[in-house]
Enquirer: 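Provided herewith is a single structure, encoded as structure tokens, for subsequent inquiry.
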Amino acid sequence: MTEFFDAPARPGTAAALAREFRDAFGEDPEGVWSAPGRVNLIGEHVDYTGGLCLPLALPHRTFVALRPRTDSTVRVRSRQETGEVVVALDEVGAGSPSGWAAYVAGVPWALQQKGFEGPSLTGGFDALVDGHVPYGSGLSSSAALECAVAIALAELVEAPLDDTGRAGLASACQLAENVVAGANTGGMDQAASLRCHAGGAILLDTDDDSVSQVALDLAGAGLALLVVDTRAGHSHAGGEYGRRRADVERAAELLGVPNLRRVDVADLDAALDRVGAEPDGEVLRRRVRHAVTEIDRVARTADLLRQGRADGIGDLLNASHDSLRDDYEVSCRELDLTVDVARAHGALGARMTGGGFGGSAIALVRADRVQAVAEAVDAAYAGQGLTAPRFLAALPSEGAGRDL
Ligand code: GLA
């Protein structure tokens, strides 16, 4: 039976969490906030080289009920974990605390590093977490947790919550992830969780951190975006992500540019010749070709969406996947299988989304084909003896905010 993973209703989830907070900590929370996971429509592995990405927020969110303390201590529990984690704020720093608490206690630390001020950042807090972004699925459950904590703290210290304010929060959350959690990711996931709006994706320019909203009326076009969680494990802290990043940074250095955004697609051949002359030139050529062509594909996808031509982006999604599979080498068997089966069963386009090496794929399908494509993917996994995948519907949803 094809399993769909639905997001629970926001108000009921938040109210239940507030009640549970009172049971756990003996007092009412100051409020309940939540932040979404994301899928990236296109623009993969380019957010650490000044590229363009086009993520949208999922309806699946992580909720945090929170109450400030005054003794510089963070006490945190999660409905998805056992026990309580207690962290002294003066012990937060590179690699500390370890585990999931890094995404909570790292946030007040990072906000202060970024110049945010207020008693709620130094005094600590009690927090109860309830995560509904599938964990370990490449859908940014970690960013959702960081961003839910960040939006709560920002509100408590009365930081501005317009898009500029949210960009500052996103960069603090990225810092928490890079330094405290020790995962050297780009900033796409946090930007998506904080800066997206219902009904659209954001065109994120990671060269100057600007965002423009891109309407995504898939239902109006008779389309749906099916997310397939392959259930194949992935980890960004793992070495492959870091190695890709190092390849790209080295290529930029050889080309004498601050990042690969500066290489125009019209000048790609010359850039490939230049890096190809290195001893490891063949690998660098493929990495550069992915980044430069991917950034171009994002711009073309955004143009088509702005013209209301969502049904015309399928080939770009397909080309993105093929490039990630062959040139960037971040796909895996389950992702390739999903993409192949979805395409064979009528998807307009399909690709891996997120960091790769497992995680999730997306398929752009006619609305009346969603079930058929999901069943075909399910059957293919069963046929190959793989763990059954999970399916989500990606409705472009609202970024982080207060629930109660
Ligand atoms: C992960 C990282 C992001 C981005 C993607 C790949 O999700 O957290 O910063 O690099 O991989 O596009």
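In this text the structure is predicted, and so the values were computed from the model without any measurement. Just follow the structure's listing: the first ligand is 1, and inside any ligand the first atom is 1.
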Enquirer: I'd like to know if the side chain of Glu294 pairs up with that of Ser320 as donor and acceptor (distance under 3.5 Å, no hydrogens or angles considered).
Expert: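 Indeed, the side chains of Glu294 and Ser320 share at least one donor-acceptor pair under 3.5 Å.
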
Enquirer: Can a salt bridge be assigned to the pair Asp322 and Arg325 using a cut-off of 4.0 Å between side-chain N and carboxylate O?
Expert: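 Yes, charged N to carboxylate O under 4.0 Å.
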
Enquirer: Answer with yes or no whether Asp189 contacts ligand 1, where contact means a heavy atom under 4.0 Å from a ligand atom.
Expert: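 Per 4.0 Å heavy-atom rule, Asp189 contacts ligand 1.
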
Enquirer: Below the 3.5 angstrom mark, is there an N/O of Glu44, backbone or side chain, next to an N/O of ligand 1?
Expert: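 Yes, at least one N or O pair falls under 3.5 Å.
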
Enquirer: From the options Ile42, Asp47, Thr206, Thr185, select the one whose nearest heavy atom is closest to atom 9 (O) of ligand 1.
Expert: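 Minimum heavy-atom distance to atom 9 (O) of ligand 1 goes to Asp47.
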
Enquirer: Report, in ascending order of atom number, the atoms of ligand 1 lying under 4.0 Å from any heavy atom of Arg38.
Expert: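 Once the distances to Arg38 are compared, the set is 7 (O).
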
Enquirer: Quick check with a 6.0 Å cut-off and a 45 degree axis cone: is Arg69 positioned over the face of Phe125's six-membered ring?
Expert: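 No; the conditions do not both hold, so Arg69 does not lie above the ring face of Phe125.
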
Enquirer: Does the cation-pi check pass for Arg77 over Phe21, that is, NZ or CZ under 6.0 Å from the six-membered ring centre and within 45° of its axis?
Expert: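 Not flagged: Arg77 not positioned over aromatic ring of Phe21.
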
Enquirer: Under 4.0 Å from a heavy atom of Met188: give me the atoms of ligand 1 that qualify, with their elements.
Expert: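 Checking each atom against Met188, I get 4 (C), 5 (C), 12 (O).
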
Enquirer: Counting each atom of ligand 1 from 1 as listed, which ones have a heavy atom of Gly186 under 4.0 Å away?
Expert: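 Atoms satisfying the 4.0 Å criterion: 9 (O).
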
Enquirer: Give the atom numbers and elements of ligand 1 that come within less than 4.0 Å of a heavy atom of Gly354.
Expert: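 Heavy-atom distances to Gly354 below 4.0 Å select 6 (C), 11 (O).
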
Enquirer: Given that the side chain starts at C-beta and the backbone is N, CA, C, O, which of these parts of Met352 lies under 4.0 Å from ligand 1, counting heavy atoms, or is it both or neither?
Expert: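 Within the 4.0 Å criterion, Met352 makes no contact with ligand 1.
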
Enquirer: Taking N or O atoms only and a 3.5 Å limit, does Tyr48 qualify as a polar contact for ligand 1?
Expert: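 N/O-N/O distance below 3.5 Å does not exist for this pair.
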
Enquirer: Does a side-chain N-to-carboxylate-O contact under 4.0 Å join Asp247 and Arg243?
Expert: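 The answer is no: the pair does not qualify as a salt bridge.
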
Enquirer: I need the minimum non-hydrogen distance between Arg285 and Leu272, along with the two atoms involved.
Expert: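 Heavy atoms of Arg285 and Leu272 come nearest at O-CD2, 3.3 Å.
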
Enquirer: Is the Tyr241-Tyr48 ring centre distance short of 6.0 angstrom?
Expert: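 Yes.
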
